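Notes follow the structure.
Model, not experiment: these values are computed from the prediction. Chain identifiers are assigned alphabetically (A, B, ...) following the order of the sequence lines, protein sequences preceding nucleic acid strands; residue numbering begins at 1 within each chain.
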Protein chains: 2
Amino acid sequence: MSVTLADIARATGLSASTVSRALSDPDKVNPRTRDRVRKIAQDMGYVPNQVARSLTSGRNDLIGLIVPDIANPFFPPIIKAVQARASAKGKTVLIADVDEHPSDEIQRARVMRKRVDGLVVVSPRTPDDRLDQLAELSPIVFVNREVKGAASVIIEDSEGMREAVEHLTALGHRRVGYLNGPRRSWSNTQRQNAVREACAAHGVELVEFGPFEPQIQAGVRAADLVHASDVTAVIAYDDMIALGLMARLNERGVRVGPDISVIGIDDSPMSGMAYPTLTSIHVPGSEAGARAVDIVLDLADAAGDTEPFVVQLETRLIVRSSTSPVRER
Amino acid sequence: MSVTLADIARATGLSASTVSRALSDPDKVNPRTRDRVRKIAQDMGYVPNQVARSLTSGRNDLIGLIVPDIANPFFPPIIKAVQARASAKGKTVLIADVDEHPSDEIQRARVMRKRVDGLVVVSPRTPDDRLDQLAELSPIVFVNREVKGAASVIIEDSEGMREAVEHLTALGHRRVGYLNGPRRSWSNTQRQNAVREACAAHGVELVEFGPFEPQIQAGVRAADLVHASDVTAVIAYDDMIALGLMARLNERGVRVGPDISVIGIDDSPMSGMAYPTLTSIHVPGSEAGARAVDIVLDLADAAGDTEPFVVQLETRLIVRSSTSPVRER
DNA sequence: CTACGTGACGCAAACGGTTGCCGCAAGGAA
DNA sequence: TTCCTTGCGGCAACCGTTTGCGTCACGTAG
């Protein structure tokens with residue numbers, strides 16, 4: 001099969017332990033021996049067996065990432081950021097897509113447990129009590145979700161939401177719709193509260209719709225509800241819903257922008273490519289991912305003696321062409 | 001720390017081997033013992049250490065997936081399909097995003113080697129000779145890429161391309177542009193050949209542009225080139241380029257559809273959400289992913305005595321609103 | 001010249017399971 | 001009753017590395 005430490009030991013006339021040290025703990029052997037070992041290992045095409053290595057050392061050079069849905073364009077940039085950061089620190093990423101199916105998470109996390117050095121969990125939907133179970137599987141970091149006693153990177157919706165509502169009022173909108181996300185979504189609770197507060201603060205009347213799943217189709221469905229109501233602007237739980245909404249409104253001959261303003265949340269890569277381009281609240285997913293990796297690796301090193309970190313990231317409004325002054329009636 | 005086999009052995013008064021069998025090879029122990037062991041294991045919260053398990057058994061219950069760019073919306077559906085299929089067979093997926101950086105692939109693959117039961121590689125860009133090196137790391141399956149002596153799932157562009165050109169001629173187009181993908185891309189070579197043949201067969205004049213990277217920005221840049229030429233329709237290497245193209249054309253006041261027809265390739269989820277909705281050649285990525293998993297797992301079981309599988313999948317044209325009859329001049 | 005410190009390396013025990021082989025006891029057949 | 005079969009479970013080796021500790025030789029100081 002493949003070349004093992006023992007093979008190299010034989011080839012060099014050294015013991016496996018020396019070879020092991022020469023390769024991974026350079027200071028403990030004579031420089032001459034070290035170089036000789038390394039050269040031979042190289043020549044023989046030696047690749048350390050990570051599995052065996054993990055077994056003794058406990059290190060895996062792997063970090064686990066749990067996301068609800070890779071196909072939702074909000075997540076790939078996060079995943080990419082996590083990968084990039086992990087890769088920079090010599091780790092690989094083990095991904096589990098739980099398919100918006102929260103009940104899988106604990107199961108998946110348990111299985112991953114011994115295989116990874118730490119877990120990054122993006123899980124807007126899982127109920128709190130389940131998350132507590134997860135939290136015991138430290139080191140673990142939650143993204144966009146606050147869990148008591150656990151580290152997390154949370155994204156503060158209120159500022160972006162405030163900007164969004166302010167933007168709409170500046171355009172003359174007085175009745176604004178909000179399309180709720182999934183019922184049990186932590187993010188939705190945050191966003192819902194944020195929009196309520198912002199509207200109250202600006203004297204804007206808020207009309208809520210939903211809940212909706214974060215998918216195009218749900219937005220399509222939402223469009224007709226919105227159209228039948230008398231709101232002049234809509235803020236959607238996320239870009240997916242906003243995009244579906246716009247597609248359907250376009251189809252029905254309603255001009256997004258002139259006839260009705262639409263704001264998404266996430267600022268996913270598609271916002272700029274939709275028609276019209278979608279005004280959206282930028283959520284710093286990539287940054288959150290990168291920070292999460294940093295934290296989880298710190299946690300892994302520190303072996304639990306650090307206190308639970310909570311990093312807050314801010315959102316902000318990106319204005320594009322899906323929002324315009326309210327149409328005169 | 002956590003509960004090990006030995007703990008359960010102690011608790012049950014059995015030996016570790018019996019416990020092991022009771023848990024993973026049910027037929028070899030007395031049903032009564034088996035149930036007792038399982039119950040106790042359950043109660044004690046035993047979770048097998050996958051790492052240790054892999055070391056002896058050689059099985060990892062992990063399959064590796066190498067993709068060029070998660071952020072390209074063509075890939076998430078493939079990843080999802082791979083995950084789903086793998087998950088159905090009790091495997092988890094280890095993803096490596098090589099960031100359109102082919103030179104990383106072999107390195108990443110080597111590191112993964114011992115950790116996974118098989119490798120699925122989606123790698124349109126890597127040069128052939130490197131791929132040969134990869135191919136030795138069997139079990140391995142290439143998606144959308146033919147490698148001699150190795151299993152692969154390839155996607156035959158010619159049929160879809162034929163339909164696309166036929167569609168355009170039916171709409172009266174006689175001068176058609178093709179936006180080339182990256183220079184060293186295997187897919188692009190396939191597509192380029194396919195479009196040349198199809199145009200020749202239909203007596204359509206073909207004007208080639210590019211190469212372009214498979215990214216929005218490249219499409220934006222392409223737009224001005226296309227606009228300055230006299231083609232009445234364009235087929236882009238992929239949807240990313242097509243979408244960037246459309247965005248820029250829109251911006252310049254050129255109406256995609258009425259003024260110029262655009263066809264993408266991949267039929268990524270965004271095609272239906274762009275404006276106008278994008279006519280695109282559907283590439284069965286999900287199916288390819290699923291098939292690849294099946295094959296790689298077969299390969300892993302069969303330990304090399306099967307001959308290299310090559311599965312061919314067909315493409316077909318999905319007509320939407322970015323293609324219209326040629327405008328009268 | 002002896003004693004002791006130190007650097008370089010080897011020994012062997014883990015890590016937590018899996019698995020081939022063997023022994024033992026119970027049951028069935030002769 | 002005796003012998004053989006069969007089922008069940010234990011023993012121990014092994015997977016490939018890491019790592020604590022011991023050994024050995026050499027150099028230096030007393």
Side-chain angles (χ1 to χ4, degrees), chain A residues 1-38 40-41 44-62 90 110-117 303, chain B residues 1-38 40-41 44-62 90 110-117 300-301 303:
Chain A
M1 271 265 300
S2 47
V3 186
T4 76
L5 258 196
D7 296 331
I8 298 182
R10 212 168 305 122
T12 55
L14 294 166
S15 75
S17 38
T18 305
V19 175
S20 170
R21 277 187 275 259
L23 262 21
S24 50
D25 202 353
D27 296 335
K28 303 224 168 176
V29 303
N30 186 309
R32 276 243 313 279
T33 333
R34 166 162 51 77
D35 294 342
R36 193 165 62 92
V37 170
R38 291 200 165 176
I40 294 191
M44 295 178 66
Y46 172 69
V47 180
N49 183 327
Q50 288 295 339
V51 173
R53 178 172 283 187
S54 305
L55 186 57
T56 36
S57 67
R59 280 175 278 107
N60 302 71
D61 294 342
L62 225 56
R110 284 240 170 75
V111 172
M112 282 187 168
R113 176 74 179 82
K114 270 299 165 40
R115 209 172 246 173
V116 300
D117 295 331
Chain B
M1 272 266 300
S2 48
V3 186
T4 74
L5 255 197
D7 295 332
I8 297 183
R10 211 169 306 122
T12 54
L14 294 166
S15 74
S17 38
T18 304
V19 175
S20 169
R21 277 189 274 259
L23 261 23
S24 50
D25 202 352
D27 297 335
K28 303 225 169 175
V29 304
N30 186 309
R32 276 243 314 280
T33 335
R34 165 162 54 77
D35 293 343
R36 192 164 64 92
V37 169
R38 294 201 160 173
I40 294 192
M44 295 176 68
Y46 172 70
V47 180
N49 183 327
Q50 287 296 338
V51 173
R53 178 173 284 187
S54 304
L55 188 56
T56 35
S57 65
R59 281 175 278 107
N60 303 70
D61 294 342
L62 223 56
R110 283 238 172 76
V111 172
M112 281 187 169
R113 177 73 180 83
K114 270 296 165 43
R115 208 171 246 172
V116 300
D117 294 332
D301 285 344

Value in whole Å for how far the P atom of dG7(D) lies from CG of Asp25(B): 15 Å
Let me know the distance between CZ of Arg53(A) and C1' of dA14(C), rounded to the nearest Å. 17 Å
Side chain of Thr56(A) - closest among dG9(D), dG17(C), dT18(D): dT18(D)
Just compare dC8(D), dT19(D), dG16(D) and give me whichever is closest to any side-chain atom of Asn49(A). dG16(D)
Regarding the side chain of Ala52(B), the nearest nucleotide among dG17(C), dC9(C), dG9(D) is dG17(C)
Touch check for Ser54(B), heavy atoms < 4.0 angstrom, all strands: base, sugar-phosphate only, or nothing? nothing
At under 4.0 Å between heavy atoms, what does Thr4(B) touch on the DNA or RNA strands: base, sugar-phosphate, or nothing? sugar-phosphate
Spacing of Leu55(A) atom CG relative to dA14(C) atom P, expressed in whole Å: 14 Å
Is any side-chain heavy atom of Leu5(A) closer than 4.5 Å to a side-chain heavy atom of Leu23(A)? yes
Rounded interatomic separation in angstrom, taking CG from Leu5(B) and P from dC15(C): 13 Å
For Ala9(B) and Val19(B), which heavy atoms make the closest approach, and how far apart are they? CA-CG2, 3.8 Å
Between P on dT18(C) and CZ on Arg21(B), what's the gap in Å once rounded to a whole number? 10 Å
Do Val116(A) and Asn60(A) have side chains that approach each other closer than 4.5 Å (heavy atoms only, starting at C-beta)? no
Within this structure, what is the CZ-to-C1' distance between Arg59(B) and dG16(C), rounded to whole angstrom? 14 Å
Short side-chain N/O contact from Ser57(A) to OP1 or OP2 of dT17(D), under 4.0 Å: no
State which of dT19(D), dC8(D), dA8(C) makes the closest approach to the side chain of Asn30(A). dA8(C)
Regarding Arg10(B) and Asp7(B), does a basic nitrogen lie under 4.0 Å from an acidic carboxylate oxygen? yes
dG16(C) phosphate, OP1 or OP2, under 4.0 Å from Tyr46(B) side-chain N/O: no
Taking OP1 and OP2 of dG17(C), is either one under 4.0 Å from a side-chain nitrogen or oxygen of Ser24(B)? no
Send over the distance from Asn60(B) CG to dC15(D) C1', rounded to a whole Å. 12 Å
Sub-4.5 Å side-chain heavy-atom contact between Gln50(A) and Leu62(A): no
Please determine whether any donor N or O and acceptor N or O are separated by less than 3.5 Å between the side chain of Ser17(B) and the base of dC11(D). yes
Quick one: Arg10(B) CZ to dG10(D) C1', roughly how many Å, whole number? 16 Å
